[in-house]
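Here the structure comes first, spelled out in structure tokens, and everything after it is commentary.
Below, chains carry the letters A, B, ... as their sequence lines are ordered, and counting in each starts from 1.
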Protein chains: 2
Amino acid sequence: MYDLIILGAGPAGLSASIYASRYKINHIVIGSVFDAAMSKAHLIENWPGEESIKGSDLLMKFYNHAKKLGVEIIQENVIEIGKKTEDGSEKNNFIIKTENNKIYKSKSIIVAFGTKNRKLNISGEEEFLGRGLSYCAVCDSAFFKNKIVAVVGGSNSAAMAASMLSEHASRVFLIYRKKPLRCEPIMLDRLEKNSKVEIIYNTNVTKVSGNKKVEFIELDREYNGNARLNLDGLFIEVGSVPSTSLIKEIGIEVDESNCIKINQDGSTNVKGVYSAGDITNGSNGLRQIVTAVSEGAVAVTSIYKYLKED
Amino acid sequence: MYDLIILGAGPAGLSASIYASRYKINHIVIGSVFDAAMSKAHLIENWPGEESIKGSDLLMKFYNHAKKLGVEIIQENVIEIGKKTEDGSEKNNFIIKTENNKIYKSKSIIVAFGTKNRKLNISGEEEFLGRGLSYCAVCDSAFFKNKIVAVVGGSNSAAMAASMLSEHASRVFLIYRKKPLRCEPIMLDRLEKNSKVEIIYNTNVTKVSGNKKVEFIELDREYNGNARLNLDGLFIEVGSVPSTSLIKEIGIEVDESNCIKINQDGSTNVKGVYSAGDITNGSNGLRQIVTAVSEGAVAVTSIYKYLKED
């Protein structure tokens, strides 16, 4: 019986583990670092102190730091989360089952599974990830100085991505499958006034292609007489899906975007269940490594207090 | 006229600047890195990815990262913050005056002045800082494995510090000038049951002394027949004072602990004023480098949106 099991080995989970080790909380981490979105970031330039580093390299630094403090990190997928309440206790125990049918038990858990980017499921999408194709304009805009880029999507995030990219790129296409955009009117006004931005409505991207890097995309409708659009970067901003499939059985509340609702202290509505990182509705919806590590530290600090309560 | 002036050059301010540069927000930072509490931390072992680093070294990494992205950092103290509202506008402009009587103007500010630790003002207090004397048990407990330490204070933080230290140290004295402790009863129960912890009531520490490192403290009342207590570490947990002396003139709301009240997005009650780091009531009161950098990033992301609004 562990005091804490951390579910997920991305920045939130590993930061939580670093803090838990320093609080001497008897814990393990279950999850694969290769599943963390961060491991796929081609370059990270907004983690303070590292001017430019590969996502996988920075994640390995976090991993090694956590390991150095003695934690066991079990690189397996979780397939089931169970909850049990002892007679006469207000507190829950948790039973975690992994893909190899191993069972781990704990007095508390931190859910830090992260999110998966919603995909377009088009040809070339996987192949060009990190080679001109990105799911994060906040992370990667600055790499496209004086380049031509396109954003796919119609939400506020997509509009924000186009706006952000226009600060760096020479030209930004915003491609949306419907009309009008779903973003706030003020965002639309701004984009329409922005001479670098062109909005292409009622159009789907069907393919991304190039030699080693993104060079062009194909559209399902001609634009300016051509179904092929030459560009250097494609940003897919069609939302992300919190990895919450396992948590609903034990009654953890999620918001309308399917993110786990956390309180200021990282707790959820279920006693003993805390959450941190991209899977939560915390940090005002900003999903960054800095916000993930912070939420991990806050959750563990709360758990330290929780475990000491009788 | 800048779009943003960041007040404070600690982890919150520098993280805010890194994000602001990436959003291409026209901004400067005003503040001295030497004023940041972090610059005085002897070793930091809970910043993910750095297993052990001097506070000043990590801060310089943040500083260099921010500078590399082109920001000007003005190493001066701010002596006045003014606010002006243009006719017909709902937005404020800000006028910042520094100790050299220079004036800087901006459309928004982030207040990231941090806190100053409340001091005991006893002999040896400055001299032994980082050499056995610390103001942060969360940061420094793990350095006192099998050592004898004392905590000064009577609040929840002091009780928590004693509890945390008992996980590492061989013996922990908790010294409080009154009786009983001001902490939650459950915390007190726990300390009383903890065989490593001894509470010394109605006693003041008057001096900290040693050769190169802390070796003993002097008390204003004998304890076990001796006014001298031999130990390896002294934790002063008598609270911290948010550096809010300048902000009240422009009407920024603070909470009962004098911390700036921030909303989820880092905004305050004054339009155009955002805040981040130890000076705020954010991150559930946890004051760490990870929470500061996160709050800096969240505040700047909100400002990016704020500046784009007409």
Taking A:Ser170 for the side chain and A:Lys147 for the main chain, is one N or O donor matched with an acceptor at less than 3.5 Å?
yes

Under 4.5 Å from any heavy atom of chain B - which part of A:Tyr19
side chain

Segment of A:Ser163 engaging chain B (4.5 angstrom heavy-atom cut-off)
both

Examine whether an atom of A:Glu295 lies under 4.5 Å from a heavy atom of chain B, and if so say whether it belongs to the side chain, the backbone or both; otherwise answer neither.
neither

B:Ser155 side-chain N/O to B:Ser157 backbone N/O, donor-acceptor pair under 3.5 Å
yes

Hey, which of A:Leu58, A:Ile289, A:Val298 has the most heavy atom pairs under 4.5 Å with chain B?
A:Val298

Has A:Lys91 got its NZ or CZ under 6.0 Å from the middle of the six-membered ring of A:Tyr306, at an angle within 45 degrees of the ring axis?
yes

Part of A:Tyr63 lying under 4.5 Å from any heavy atom of chain B:
neither

Ion pair check, A:Glu167 and B:Lys308, cut-off under 4.0 Å
yes

For A:Phe144 and A:Phe235, take the angle between the two ring planes, folded into 0 to 90°, and tell me which bin it lands in: parallel under 30, tilted 30 to 60, perpendicular over 60.
perpendicular

Picking from B:Lys68, B:Gln288, B:Lys24, which has the most non-hydrogen pairs under 4.5 angstrom with chain A?
B:Lys24

Kindly compute the distance separating CZ (B:Arg190) from NZ (A:Lys305), expressed to the nearest 0.5 Å.
10.5 Å

Looking only at atom types and distance, does a side-chain atom of B:Ser294 sit under 3.5 Å from a main-chain N or O of B:Val290, one as donor and one as acceptor?
no

Could you tell me which portion of A:Leu14 (side chain, backbone, both or neither) has an atom closer than 4.5 angstrom to a non-hydrogen atom of chain B?
neither

Most chain A-contacting option - heavy-atom pairs closer than 4.5 Å, from B:Met160, B:Glu51, B:Met164:
B:Glu51

So which part of A:Thr301 gets closer than 4.5 Å to some heavy atom of chain B, the side chain, the backbone, both or neither?
side chain

